[in-house]
Amino acid sequence: MDLRIKSFDEYKEKYRQSVKNPEGFWDEIAKTFSWKEPYDKVLEWDFDGPDVKWFLNGKLNITENALDRHLEKRGNKLALIWEPNDPKERPIRYTYRELYEKVCEFANALKAQGIEKGDVVCIYMPMIPELTIAVLACARIGAVHSVVFAGFSAHAVADRVNDAKAKMVITADGLNRGAKQIPLKRVVDEAIENCNCVESVIVYDCLGWSPNMKEGRDHWWHDVVQTMAKECPAEPMDAEDILFILYTSGSTGKPKGVVHTCGGYMVYSAYSFQNVFQYEESDIYWCTADIGWITGHTYIIYGPLVSGATTMMFEGVPTYPDPGRFWQVIDKHGVNQFYTAPTAIRALMAHGEDHVLSYSLDSLKVLGSVGEPINEEAWRWYHIHVGKERCPVVDSWWQTETGGIMISGLGDISPMRPSHAGYPLPGIQPVLLDQEGKEITENGVEGYLCVKFPWPSMLRTTYRDHERCRVTYFSHYKGHYFTGDGAKRDENGMYRIIGRVDDVINVSGHRFGTAEIEEAINSNAAVVESAVVGYPHALKGQGIYAYVVFEKMPEDLETARAEIIETVVEEIGRIAKPEKIQFVSGLPKTRSGKIMRRILRKIAEGEPDKLGDTSTLLDPDVVDEIVNGAQ
Ligand code: WT7
């Protein structure tokens, strides 16, 4: 079960093997997992379809690998530590045996509610242990989980529930977030008014509120588990059966359901977890992400638990009750590996060093970063003040679609360079392509980041819309998976991710499509059209800048702005609020009517002198107006 590479030389050797003989390489690793029936072939693939299958005809259940197989040796080892929002409240600790029983009990409850293999269950929950239990209980019985981040609005929940035809929603009365409490059940009620597919709702009592419970449809968590057995047979799943759907934004249309399957995802989540974090048996590992995002799926739940690790879940926020909260939690629980996002580091950095200097942080061995490019200043602050220049910082690049970390340092064994993700993990074959789609093979270059060979945890499709998967990821450059990112490769072959080259904005590590935000803004009756771009933001990485055309230029700009924000909050959620809104009389367009985003981006970035040629525009005057009114 120890899948760790232990030196950089070994890494180089393993990498070489993984390219020369990928099937042999992954077979060696996959064999160490527990399969109900062995696979008869490692890989079949065709990126044109795309049609990718790993561990063909193998049968498994990921929860047997995450729970049952540890019971004998690690039954009393802590599987999960939960740290509450309020530091005065008591943490919850579950051993592997206890977590196993909780998962089985809830799995039985799901079955009793009529959930069967292949049914989709939407999970909209706080960061509490029951979220992890719900996810694993679905996997136990072969139900497909679709976790929706609890910051999304009722509209966003309804879209995702309907797209996936979810039969059940699991939620809570509300959640704690710093000093605030946020209702969840109310959002679910509003959402599923428009979802005929939902037959039942399970509600966990988190805050002791008394939400509205609809007779026959809504059930309390504590009631449905009442008489349930603490053993539940694990459903045999084909390696290519769906494990989960996770919705993510792209450059066009509504968010799409990225589909991950059981076998490959299991193998790669554990392999990448152990190697990137160099996890050792008695370590305590903490990833601060929310389980509503892929980082939480792979590196709070599956990677660590399949590896038999102790994983921590945190209900709160970095600044509550004060900006020393992360560091206090690290000392309190003796955290060894800490994985967070650049946006959190920058936010804490802004509060000064004192908060971090009052804690010892002696237990730390490895620091991780994820979600967006980490600027050098934040990297150094993290390395010096948190890691005391003792701990390596692994800057891990990956995506919802890749399922697991693709390019990253491996604990302390690989060389590190600030703001560089570094080298690909064994089995991962990234390439840089030029404008024409030709591979650039030298070092010291920049290009479009693609992957030219399959890896076990890659997405298989986008739910119920395979064509969209093909067009989005496999049609730009034939024979390649296109990431949407631009990257540099330095003289030593280390990768540095520059950021998105498509119409995707990364706000505090959260991903939004410009089209999706525009659609929300345009739903406001007074709006004719709008264009949204990202601009550099000191804390969030990128901020959202919206250019909005009203039917009649609003008289009261502040009220008009508030109305725009309100529509975005309603359609998507608070996390997608535009930072800047500029009312304009028109948008710069080509003669064929295409919005020239390049120009809008330059203006938003505060570089109106770098607009380039605007003579081909339909109405060049509009540009002057926009430049003059820019915020
Ligand atoms: C996009 C994927 C991967 C989990 C969290 C985000 C950006 C991610 C890094 C990094 C630079 C990064 C990319 C990528 N990104 N990690 N270490 N350095 N950029 O998942 O929402 O699917 O977003 O996040 O632009 O394409 P996601």
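Atoms within a ligand are numbered from 1 in the order they appear, just like the ligands themselves. Counting from 1, the numbers follow the sequence of the chain as shown.
- The contact set between ligand 1 and Val370, taken as ligand atoms under 4.0 Å from a residue heavy atom, comprises 3 (C), 4 (C).
- Of the N and O atoms on the side chains of Asp283 and Gln337, at least one donor lies less than 3.5 Å from an acceptor on the other residue.
- Annotation: cation-pi geometry not satisfied between Lys14 and Phe25 (NZ/CZ under 6.0 angstrom from ring centroid, within 45° of ring axis).
- Atoms of ligand 1 lying under 4.0 Å from at least one heavy atom of Trp398, given by number and element, are 2 (C), 3 (C), 4 (C), 8 (C), 14 (C), 16 (N).
- Geometrically, ligand 1 and Ile497 share no nitrogen or oxygen pair separated by less than 3.5 Å.
- For Arg511, a nitrogen or oxygen atom sits less than 3.5 Å from a nitrogen or oxygen atom of ligand 1, counting backbone and side chain alike.
- At a 3.5 angstrom cut-off on N or O pairs, Thr483 does not count as close to ligand 1.
- Interface atoms of ligand 1 facing Asp395, defined by a heavy-atom separation under 4.0 Å, are 10 (C), 17 (N), 18 (N).
- Tested against Phe338 for a side chain to side chain contact (heavy atoms under 4.5 Å, CB included), the candidates Ile284, Thr288, Val329, Leu361 yield a single pass: Thr288.
- No hydrogens or angles considered: a donor-acceptor pair under 3.5 Å links the side chains of Glu83 and His333.
- For ligand 1, the atoms sitting less than 4.0 Å from at least one non-hydrogen atom of Asn506 are 7 (C), 24 (O), numbered in the order shown with element in parentheses.
- If you check the side chains of Thr261 and Glu240, you find a donor sitting under 3.5 Å from an acceptor.
- Here the shortest heavy-atom distance to atom 20 (O) of ligand 1, taken over Thr400, Asp485, Asp502, belongs to Thr400.
- Atom 11 (C) of ligand 1 has Pro373 N, 3.1 Å as its closest protein atom, hydrogens excluded (heavy atom only).
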Can Asn375 and Arg346 be said to form a side-chain contact (heavy atoms from CB on, under 4.5 Å), step by step? CA-CA 9 Å; Asn375 50 308; Arg346 288 191 298 261; 3.1 Å; yes

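- Side-chain rings of Tyr265 and Tyr302 approach one another, their centers coming within less than 6.0 Å.
- The option with the heavy atom closest to atom 8 (C) of ligand 1, from among Gly371, Gly484, Gly499, is Gly371.
- Separation of atoms CE (Met313) and CH2 (Trp82) is listed at 8.5 Å; rounding is to 0.5 Å.
- Using a 4.0 Å cut-off between charged nitrogen and carboxylate oxygen, Asp503 and Arg601 count as a salt-bridge pair.
- Among protein heavy atoms, the minimum distance from atom 1 (C) of ligand 1 is reached at Arg500 NH1, 4.0 Å.
- Within ligand 1, the atoms closer than 4.0 Å to a non-hydrogen atom of Ile294 are 4 (C), numbered from 1 in the order shown.
- Nearest to atom 4 (C) of ligand 1 by heavy atom, out of Thr295, Val258, Ile405, Thr298, is Thr295.
- Not close to ligand 1: Trp293, with no non-hydrogen atom less than 4.0 angstrom away.
- Taking the centre and axis of the six-membered ring of Phe152, the NZ or CZ atom of Arg160 falls inside the cone set by 45° and 6.0 Å.
- Close contacts between ligand 1 and Ser396 involve ligand atoms 9 (C), 10 (C), 16 (N), 17 (N) [criterion: under 4.0 Å to a heavy atom].
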